[in-house]
Amino acid sequence: MSSLDRRKFLMLAGGGVVVAAGASAGVFAATRTPARALEPWERAGAPAYADPRMRALSYAILAPNPHNRQPWTVALEGDDTVRIGFDNARQLPHTDPYDRQLTIGMGCFLELMVMAAAQDGHRVDLDLFPAGTSPDGLTGAPVAVARFAQDAAVERDPLFAHVLARRSAKGSHDTDRPVPQAGLDAMIRVARHGTRVGGTLAPDEIAQWRELTANALRIEFETPRTYKESVDLFRIGKREINTNPDGIELPGAPLEVLNALGLFTRQTALDTGSFAYEQGLASVLGPVATSMGFVWSVTGDNSRSSQIGAGRDWVRINLAATAQGISFHPLSQSLQEFAEMEPLYSEVHERLAPDGGTVQMLARIGYGPAAGPTPRWPLESRLVEGPQS
């Protein structure tokens, strides 16, 4: 990149976009929100969903999930049943070769569905993997069959109040504002689906986890196939995000202008000698260096049902952080099962599961700027016809 292009990149990335004189620049910037991709957050629980299953599912699709792949499919059967499947076209073969992380995302989906149904006075009975499982990955077989039943005694979960405010907040933390022990304890105690949750706020341990998680991010960036898997899922600017409201959204006027000028594209992002690559790496490493605590979850085994339970508990932990006003950023690159990550994967397990078990998730916590909602496909786009085999 020439010195002129480098100066353009820095100016635009820093927000100094000049697209027209006077107020026009502000108008342009103000209209870059991908409103259509964010509509599912506004429609959750809408009166238009007369079927209680649809109301519950309208919240479930807001669940956190790896690379925002949203791998779930749903089929309504009869008057009370939902068959929940997995879309194999949404796999992450390089960073999640055995679909472990995606299964955790399915668990997050199921937990929000059950919580939303309870809020509406319905109990949900789940039959997980009725056609069996494979350690090699998820298939087209159902992940779960959910049966809804009216139940006046069903327990409403207080965490549900925070579903629409839940975020994966990737920004920097306020390093002058420590997380109180009571905040971490509130996250640890909400698990109820078989995971062991732990965390740390100790400065010396935080320093160690900052270094480890930064090294894991570097490995993912510097391994060509895993980095390309992310870059291929970039959605740059309003138009792309609205058209494909999944993957890794990169919104905002500065990036749209950089993209239009050819200074930030998928091609420049993949060029390890480019300034776009350099700035991309810096943008993910910078916030990690400000992390003010870490929280993790461990299961006794690595079965599919345990992964589902880990997901159900993980979204609960995220909701508990939201209730405390604490920023929550999943940062589980060190748990990815590809060869280059194996040394860090082993180190994490030696630290957190020395007596056995699987570390399923890891997140950084702290106090940071407010984050917006993540784009979602509308619920109707996830509906499929007939039974899923």
Side-chain angles (χ1 to χ4, degrees), residues 60 63-66 71-72 84 96 98-115 118 124 126-129 133 135 138 143-144 146 155 157-160 162-163 166 168 179 181-201 205 209 212-213 216 293-324 326 328-337 344-365:
N65 61 102
W72 37 76
I84 297 135
D96 190 24
Y98 306 110
D99 298 333
R100 180 188 63 82
Q101 296 177 91
L102 287 164
T103 304
I104 290 171
M106 296 297 299
C108 295
F109 175 96
L110 292 174
E111 183 68 5
L112 290 190
M113 180 187 70
V114 170
M115 290 172 67
V124 179
L126 290 175
D127 182 9
L128 296 178
F129 302 105
T133 65
L138 295 178
V143 171
E155 180 185 356
D157 197 314
L159 289 176
F160 180 77
H162 307 286
V163 169
R166 185 207 61 79
S168 294
V179 175
Q181 185 64 47
L184 177 60
D185 291 344
M187 289 179 250
I188 290 173
R189 65 172 173 257
V190 297
R192 60 169 62 169
H193 298 292
T195 59
R196 303 193 307 272
V197 182
T200 185
L201 302 173
E205 294 181 4
W209 286 111
L212 186 147
T213 53
F294 288 85
V295 62
W296 52 78
S297 69
V298 182
T299 56
D301 60 38
N302 199 27
S303 66
R304 292 293 175 196
S305 60
S306 290
Q307 292 166 9
I308 290 289
R312 296 186 70 177
D313 279 338
W314 193 244
V315 74
R316 297 180 63 79
I317 297 165
N318 194 341
L319 290 169
T322 304
Q324 300 290 314
I326 296 171
F328 187 91
H329 178 197
L331 203 63
S332 293
Q333 286 78 12
S334 60
L335 304 178
Q336 292 172 346
E337 296 136 306
L344 289 186
Y345 180 94
S346 295
E347 182 178 345
V348 172
H349 280 75
E350 288 168 6
R351 289 191 189 187
L352 302 182
D355 299 322
T358 300
V359 184
Q360 298 288 0
M361 294 295 289
L362 176 67
R364 54 186 285 267
I365 56 175

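When reading the values below, keep in mind they use all heavy atoms of this one structure, side chains included, and skip hydrogens, waters and symmetry mates. Note that the structure is predicted; figures quoted are calculated from it, not measured.
Counting only distance, with no hydrogens or angles, the side chain of Asp96 and the backbone of Leu102 share a donor-acceptor pair below 3.5 Å.
Distance OG/Ser297 to CD1/Ile104: 6.5 Å, rounded to 0.5 Å. Distance check: Leu319 CG to Gln324 CD gives 12.0 Å after rounding to the nearest 0.5 Å. Atom CD of Glu111 sits about 3.5 Å away from atom NE2 of His193, to the nearest 0.5 Å. Considering CG of Leu344 and NE2 of His349, their distance stands at 12.0 Å, rounded to 0.5 Å. Here the CD-OG1 distance, from Gln307 to Thr195, works out to 13.0 Å after rounding to the nearest 0.5 Å. Once rounded to the nearest 0.5 Å, the distance linking OG1 of Thr322 with CE of Met187 reads 9.5 Å.
By the 6.0 Å and 45° rule, Arg351 does not stack over the aromatic ring of Trp296.
Contact record, Trp314 with Pro330: NE1-CG, 4.1 Å, taken as the closest heavy-atom pair. The two residues Ile84 and Leu110 come nearest to each other via the heavy atoms CD1-CD2, 3.6 Å. Closest non-hydrogen pair, Cys108 versus Ala63, comes out as C-CB, 3.7 Å. The heavy-atom pair separating Phe294 from Leu184 by the smallest distance is O-CD1, 4.4 Å. Listed here is the closest heavy atom pair of Gly199 and Ile188: N-CD1, 4.2 Å. In plain terms, the two heavy atoms of Ala191 and Val197 that are nearest each other are CB-CG2, 3.6 Å.
Using a 4.5 Å cut-off on side-chain heavy atoms (C-beta onward), Ile365 and Ile317 make no contact. Two residues are said to be in side-chain contact when any heavy atoms from C-beta on lie closer than 4.5 Å; Ile308 and Val143 meet this criterion. The closest side-chain heavy-atom distance from Ser334 to Leu212 is below 4.5 Å. Looking at Leu126 and Met113, their side chains come closer than 4.5 Å, going by heavy atoms from C-beta outward. Side-chain contact check for Pro71 versus Asn65: some heavy-atom pair is nearer than 4.5 Å. Between Leu331 and Trp209 there is no side-chain heavy-atom pair separated by less than 4.5 Å.
For Gln101, there are no side chain to side chain donor-acceptor pair (under 3.5 Å) partners at least two apart in sequence or on another chain. Every residue was checked against the salt bridge (Lys or Arg N to Asp or Glu O under 4.0 Å) condition with Arg189, not counting sequence neighbours, and none meets it. Every residue was checked against the ring-ring contact (aromatic ring centres under 6.0 Å, His included) condition with Phe129, not counting sequence neighbours, and none meets it. Not counting sequence neighbours, Arg166 has no partner by the salt bridge (Lys or Arg N to Asp or Glu O under 4.0 Å) test.
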Practice problem: Walk me through it: do Arg192 and Asp157 pass the test side chain to side chain contact (heavy atoms under 4.5 Å, CB included)? | Solution: CA-CA 12 Å; Arg192 60 169 62 169; Asp157 197 314; 3.8 Å; yes
Self-check item: Worked check of side chain to side chain contact (heavy atoms under 4.5 Å, CB included) between Gln181 and Leu201
Solution: CA-CA 7 Å; Gln181 185 64 47; Leu201 302 173; 3.8 Å; yes
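For residues 295-305, the set of pairs meeting the salt bridge (Lys or Arg N to Asp or Glu O under 4.0 Å) definition, not counting sequence neighbours, is empty.
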For residues 353-362, run the donor-acceptor check on the side chains, cut-off 3.5 Å, and write out each pair with its distance to 0.1 Å, sequence neighbours left out.
{"from": "Gln360", "atom 1": "OE1", "to": "Arg100", "atom 2": "NH1", "distance (Å)": "2.9"}
{"from": "Gln360", "atom 1": "NE2", "to": "Thr299", "atom 2": "OG1", "distance (Å)": "2.9"}
{"from": "Gln360", "atom 1": "NE2", "to": "Asn302", "atom 2": "OD1", "distance (Å)": "3.0"}

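By the neighbour-count criterion of 12 heavy atoms within 6.0 Å, atom OH of Tyr98 is sparsely surrounded, having that number or fewer from other residues, nucleotides or ligands.
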